[in-house]
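What follows is a single structure, written as structure tokens, with notes after it.
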Amino acid sequence: TIEFDVQGDFAPNLNIVFKFCDKDWKPYENIFLANIGYNTEYNLWLEKLPLRVTDARYHYTGVFPNQNVTFPFSGKWKFFIVDSQNPDKIYGEGKFFVVIPEVKMDVSITKNRMENIIPEIAALGRTITIFTSFTLPDTLYESNIQLVEIIENKKISYPIIIDKVKLTEQNYYEWNGGNKFLFIAKNIKPGNEYRQTDLRDIHRFSQKNVNAQYDGIEVSNFFKKRNRDFNGGSILTNYKSDYAEYLNVTFKIRPPENLTASVFLVGDFNNWKVLPDYEMFDDNGLLNLTVELKRGIYDYQYVTAENINGEIKNIDWYILEGNFWETENDYHIFLYYQTPEKGGYEKIIGYKKIISGGL
């Protein structure tokens with residue numbers, strides 16, 4: 001499902017173009033993978049939003065695949081919201097996976113302590129190990145197995161990769177010389193449940209400018225186990241509601257005095273990417289950042305990182321949020337295979353989701 005709002009004096013003429021991608025999210029230029037005739041949703045139908053909603057005028061909802069759009073290839077896909085008269089003018093885009101499984105995968109999780117590293121704080125040594133095993137059918141070739149990719153919750157931009165070619169002490173695989181494989185990912189920190197802001201109450205959040213937390217300023221959660229979250233998701237107010245409006249939401253945190261690194265706001269509203277635009281401002285030790293959000297509930301967290309010439313490095317997801325074995329996360333495991341079909345492409349032949357926390 002693709003949903004978005006549009007701000008404008010009139011309903012624009014928009015299309016959605018779907019493109020099949022390689023494992024690095026780069027669209028293929030192979031004509032055999034273009035899915036011509038079934039790769040575009042034309043002339044999107046936009047509904048008017050209630051008059052009370054002043055920051056957007058129209059809304060679109062579309063469900064795919066449908067009679068106009070199909071996804072015949074198993075792998076990574078991107079969609080682009082474009083001007084119908086000028087497809088090079090892109091208003092928005094998104095990523096999703098299509099999986100046609102050919103291999104049954106067995107996945108398990110164990111609770112461990114960090115190997116080969118002694119952390120300064122004991123809590124940061126809590127880790128899990130994910131084991132992924134499978135047996136290839138006779139129709140597939142062992143040499144064409146590429147890698148296993150693990151995505152925690154919705155952090156698509158920060159996958160854990162177990163590559164057959166680029167093995168490490170933490171991420172490696174075992175092979176019996178035949179058709180049985182075992183991929184192992186170690187030293188995965190489970191983190192903490194995410195923070196949440198709930199902006200649905202029109203009485204508590206009655207103004208255009210509000211704080212993310214009604215009680216005001218947040219602090220480190222390093223030693224505090226949080227309650228269950230949406231595993232990185234959100235729930236937006238129904239677009240037909242008179243109160244499906246946008247608010248200027250200010251996030252505030254007072255970090256520990258010994259924390260010197262820059263702090264960034266990350267959440268479902270920015271696709272869980274640590275971005276320069278979401279670096280928090282320092283106001284005499286109180287960090288804050290204002291983001292425009294539609295009413296709803298959002299998962300988010302604070303991370304530390306370095307902004308070096310516009311490039312984000314040394315990301316730490318745990319120093320402000322904590323690290324607990326009991327945290328419930330979704331781990332999405334994908335198995336990639338280099339297939340010779342259609343001139344060759346990187347195909348997902350196996351998928352499994354496993355939930356941690358119960359162990």
*Among Lys76, Lys23, His332, find the one that has a side-chain hydrogen bond (donor to acceptor under 3.5 Å, both in side chains) with Glu149.*
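With Glu149 as partner, side-chain hydrogen bond (donor to acceptor under 3.5 Å, both in side chains) holds for just one option, Lys76.
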
Under the criterion side-chain hydrogen bond (donor to acceptor under 3.5 Å, both in side chains), which of Gln338, Gln146, Glu102 is the partner of Lys347?
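Considering Gln338, Gln146, Glu102, a side-chain hydrogen bond (donor to acceptor under 3.5 Å, both in side chains) with Lys347 is found only for Glu102.
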
Any salt bridge (Lys or Arg N to Asp or Glu O under 4.0 Å) involving [range]? Give me the pairs, sequence neighbours left out, ordered by first then second residue.
range	value
residues 297-325	Arg195-Glu321
residues 174-189	Glu115-Lys186
residues 226-247	Arg52-Glu245, Arg228-Glu328, Glu245-Arg295

| So Leu51 and Arg57, side-chain contact (heavy atoms from CB on, under 4.5 Å) or not? Walk me through it. | CA-CA 8 Å; Leu51 291 176; Arg57 195 70 200 94; 3.2 Å; yes

Roughly how far, to the nearest 0.5 Å, is [atom2] of [Y] from [atom1] of [X]?
X	Y	atom1	atom2	value
Asn187	Met114	CG	CE	5.0 Å
Tyr38	Gln67	OH	CD	10.0 Å
Thr339	Glu341	OG1	CD	3.5 Å
Thr290	Leu247	OG1	CG	12.0 Å
Ile184	Leu167	CD1	CG	11.0 Å
Leu287	Leu265	CG	CG	11.0 Å

Going by the rule side-chain hydrogen bond (donor to acceptor under 3.5 Å, both in side chains), which residues pair with Ser220 if we only count those two or more places apart in sequence or in a different chain?
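Once residues adjacent in sequence are excluded, Ser220 has no partner under the side-chain hydrogen bond (donor to acceptor under 3.5 Å, both in side chains) criterion.
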
Requested in this report: With sequence neighbours left out, write down each residue that passes side-chain hydrogen bond (donor to acceptor under 3.5 Å, both in side chains) with Glu257, or none if nothing qualifies.
Outcome: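 For Glu257, no residue satisfies side-chain hydrogen bond (donor to acceptor under 3.5 Å, both in side chains) once neighbours in sequence are set aside.
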
If we ignore hydrogens and angles and just use 3.5 Å, is the side chain of [X] paired with the main-chain N or O of [Y] as donor and acceptor?
X	Y	result
Asn30	Lys342	yes
Ser74	Ile100	yes
Asn211	Gln213	no
Asp283	Leu286	no
Asn35	Thr70	yes
Asn15	Asn43	yes

Please tabulate, one pair per line, all N/O donor-acceptor pairs under 3.5 Å involving side-chain atoms of residues 87-95, not counting sequence neighbours.
{"unit_1": "Glu93", "atom_1": "OE2", "unit_2": "Lys78", "atom_2": "NZ", "d": "3.1"}

- Item | Pairwise side-chain contact, Tyr239 with Leu49, heavy-atom cut-off 4.5 Å (strictly under) |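 Heavy-atom side-chain distance check passes, below 4.5 Å.
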
- Is there a side-chain contact between Val219 and Ile253 (heavy atoms, below 4.5 Å)?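 Not touching, per the 4.5 Å side-chain cut-off.
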
Exercise. Do Ile150 and Val148 pass the side-chain contact (heavy atoms from CB on, under 4.5 Å) test, and can you show the C-alpha distance, the side-chain angles, and the key distance before you say yes or no?
Worked result: CA-CA 7 Å; Ile150 302 172; Val148 165; 4.2 Å; yes

*Decide whether Val266 and Ile315 are clustered together by the hydrophobic rule: side chain heavy atoms of Ile, Leu, Val, Met, Phe, Trp, Tyr closer than 4.5 Å, transitively.*
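Yes.
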
Do Tyr337 and Phe32 land in one hydrophobic cluster if side-chain heavy atoms of ILVMFWY residues count as linked below 4.5 Å?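 No, separate clusters.
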
Ring center gap for [X] and [Y] short of 6.0 angstrom:
X	Y	result
Tyr158	Trp317	yes
Tyr194	Tyr300	no
Phe264	Tyr302	no
Phe18	Phe64	yes

Electrostatic pair [X]-[Y], nearest N-O below 4.0 angstrom:
X	Y	result
Glu193	Lys224	no
Lys26	Asp24	no
Arg254	Glu218	no

**Item:** Criterion side-chain contact (heavy atoms from CB on, under 4.5 Å) against Asn179, the qualifying member of Leu140, Leu136, Ile145
**Value:**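 When Leu140, Leu136, Ile145 are each tested with Asn179, the side-chain contact (heavy atoms from CB on, under 4.5 Å) holds only for Leu136.
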
(request) Check Leu44, Ile81, Val6 against Pro12 for a side-chain contact (heavy atoms from CB on, under 4.5 Å) and give me the one that passes. (result)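 Between Pro12 and the candidates, side-chain contact (heavy atoms from CB on, under 4.5 Å) is satisfied uniquely by Val6.
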
Give the C-alpha distance, both sets of side-chain angles, the deciding distance and a yes or no for side-chain contact (heavy atoms from CB on, under 4.5 Å) between Tyr331 and Ile151.
CA-CA 6 Å; Tyr331 290 96; Ile151 295 176; over 6 Å; no

Would Lys155 and Trp272 count as a cation-pi pair here, with the cationic atom under 6.0 angstrom from the ring centre and within 45° of the axis?
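No.
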
Worksheet item: Name the one of Phe97, Phe96, Phe20, Trp77 that satisfies ring-ring contact (aromatic ring centres under 6.0 Å, His included) with Trp25?
Response: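 That would be Phe97; it is the only one of Phe97, Phe96, Phe20, Trp77 passing the ring-ring contact (aromatic ring centres under 6.0 Å, His included) with Trp25.
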
Can you tell me if Lys164 has over 12 outside heavy atoms packed within less than 6.0 Å of its NZ?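 Correct, the count exceeds 12.
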
Pairing donors with acceptors under 3.5 angstrom, does anything connect the side chains of [X] and [Y]?
X	Y	value
Asn192	Tyr318	no
Tyr298	Gln196	no
Asn153	Asp330	no

I would like to know whether Asn112 and Thr110 meet side chain to side chain donor-acceptor pair (under 3.5 Å); could you show each step before the answer? CA-CA 6 Å; Asn112 306 99; Thr110 60; 3.0 Å; yes

Evaluate Asp268 against Ser234 for side chain to side chain donor-acceptor pair (under 3.5 Å), listing each step before the verdict.
CA-CA 7 Å; Asp268 190 47; Ser234 62; 2.5 Å; yes

Leu14 vs Val82, side-chain contact (heavy atoms from CB on, under 4.5 Å): CA-CA, chis, key distance, verdict: CA-CA 6 Å; Leu14 302 175; Val82 303; over 6 Å; no

Please evaluate residues Thr40 and Asn68 with respect to the criterion side chain to side chain donor-acceptor pair (under 3.5 Å), reporting the C-alpha separation (whole Å), side-chain torsions for both, the decisive distance (0.1 Å), and the verdict.
CA-CA 7 Å; Thr40 303; Asn68 303 318; over 6 Å; no

**OP:** Determine the interplanar angle of the Tyr214 and Phe205 rings, folded into 0 to 90°, and report it as parallel if under 30°, tilted if 30 to 60°, perpendicular if over 60°.
**Re:**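 Tyr214 and Phe205: perpendicular rings.
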
request  = Tell me, with the steps shown, if Gln7 and Tyr58 meet side chain to side chain donor-acceptor pair (under 3.5 Å).
outcome  = CA-CA 7 Å; Gln7 173 67 302; Tyr58 302 93; over 6 Å; no

Indicate the atoms forming the closest heavy-atom contact of Ile333 with Thr132, along with that distance.
->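 Between these two residues, the closest heavy atoms are CG2-OG1, 3.7 Å.
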
